[in-house]
Amino acid sequence: MADTFKILGIVGSLREGSFNRTLLEAAKGLAPEGMTIEITDISGIPLYNEDVRTSGFPDPVTEFGRQIAEADGVLIATPEYNYSVPGVLKNAIDWASRLPDQPFGGKPVAIMGAAAGRLGTARAQYHLRQVFVFLDALVMNRPEVMVGGAFEAFNDDGSIKDDTTAGFVREQLETFATWIERVSD
Ligand SMILES: Cc1cc2nc3c(=O)[nH]c(=O)nc-3n(C[C@H](O)[C@H](O)[C@H](O)COP(=O)(O)O)c2cc1C
């Protein structure tokens, strides 16, 4: 692959031992040549408050928006909380959605997720796709990556145990590179 792709990784969990962070870290090693994934930290983003917004965007929000804007694509690893998107992730997206030059507009996005349950965040992922409709992000449809049984899915070094699952991640990232080329100006 001749092109380079700078991908911003977003983890929808603040937990230190997050399976979704582990999944995103593992994705770094499965990315095609020329694709780099840098994981951002959304833990400093405050809870959305319209009064705060009208008096000025908090620095972590401005920085988050800059990171999205500068990336060629955004890769989100989301947990599933009560069949939906975790609040911390939705909160970060809500803040970004209010920034001037809303950074998700026209941005290529890919979604993956790991959950304890068998459906591997399927329900959360489809809710996340819905959120991105209004933001006009260019979410790639397929391949989907839904890692179920997360407690058993990773080796101690963070690599993915199952070759088939690792293959899905590799395929998603390869297709994401093609998707970015297709939809970018
Ligand atoms: C508030 C809460 C709600 C959850 N709801 C779901 C759920 O709807 N489906 C599911 O598969 N797992 C659910 N789980 C379990 C998560 O899959 C599990 O905690 C997972 O490790 C979270 O991702 P993380 O490791 O990246 O933090 C829930 C966990 C929490 C804390």
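We count ligands from 1, going down the list as the structure has it; atoms in each ligand are counted the same way. Computed from a predicted model, the values in this text were never measured in an experiment.
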Counting each atom of ligand 1 from 1 as listed, which ones have a heavy atom of Ala115 under 4.0 Å away?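 Counting from 1, the qualifying ligand atoms are 11 (O), 17 (O).
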Which atoms of ligand 1 have any heavy atom of Asn20 under 4.0 Å away?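 Listed by number with element, the hits are 23 (O), 24 (P), 26 (O).
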Under the 4.0 Å line, does any protein heavy atom show up next to atom 19 (O) of ligand 1? no
For [atom], closest protein heavy-atom neighbour:
atom                    : value
atom 8 (O) of ligand 1  : Tyr83 N, 2.8 Å
atom 26 (O) of ligand 1 : Ser18 OG, 2.5 Å
atom 17 (O) of ligand 1 : Ala116 N, 3.0 Å
atom 21 (O) of ligand 1 : Phe19 CD1, 3.3 Å
atom 28 (C) of ligand 1 : Glu80 O, 3.7 Å
atom 5 (N) of ligand 1  : Asn82 N, 2.8 Å
atom 22 (C) of ligand 1 : Pro79 CB, 3.8 Å
atom 27 (O) of ligand 1 : Ser13 OG, 2.7 Å

Measure across Ala114 and Ala150 and return the closest heavy-atom pair with its distance rounded to 0.1 Å. CB-CB, 4.2 Å
Nearest atoms (heavy-atom pairs only) where Glu181 meets Asp3: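 Result for this residue pair: OE2-OD2, 2.6 Å.
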Test Glu70 against Arg66 for salt bridge (Lys or Arg N to Asp or Glu O under 4.0 Å), laying out the working first. CA-CA 6 Å; Glu70 289 182 357; Arg66 187 191 62 75; 2.7 Å; yes
Side-chain donor-acceptor pair under 3.5 Å between Asp41 and Ser43, yes or no?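 Yes - a donor-acceptor pair under 3.5 Å links their side chains.
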In terms of side-chain heavy atoms, does Gln67 have a donor or acceptor partner in Thr40 at a distance below 3.5 Å?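 Result is yes, a qualifying pair exists.
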After noting the C-alpha distance and the side-chain angles of Asn20 and Ser18, does the key distance pass the side chain to side chain donor-acceptor pair (under 3.5 Å) rule? CA-CA 5 Å; Asn20 284 279; Ser18 160; 4.6 Å; no
So that I know where these two stand, are Phe176 and Phe5 an aromatic pair - ring centroids less than 6.0 Å apart?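 No - the distance between ring centres of Phe176 and Phe5 does not fall below the 6.0 Å cut-off.
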Let me see the working for Phe168 and Leu30 under side chain to side chain contact (heavy atoms under 4.5 Å, CB included), right down to the final yes or no. CA-CA 10 Å; Phe168 284 139; Leu30 297 167; over 6 Å; no
Name the option, out of Ala150, Ala114, Gly113, Gly117, that contains the heavy atom nearest to atom 11 (O) of ligand 1.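 Comparing heavy atoms across Ala150, Ala114, Gly113, Gly117, the nearest one to atom 11 (O) of ligand 1 lies in Gly117.
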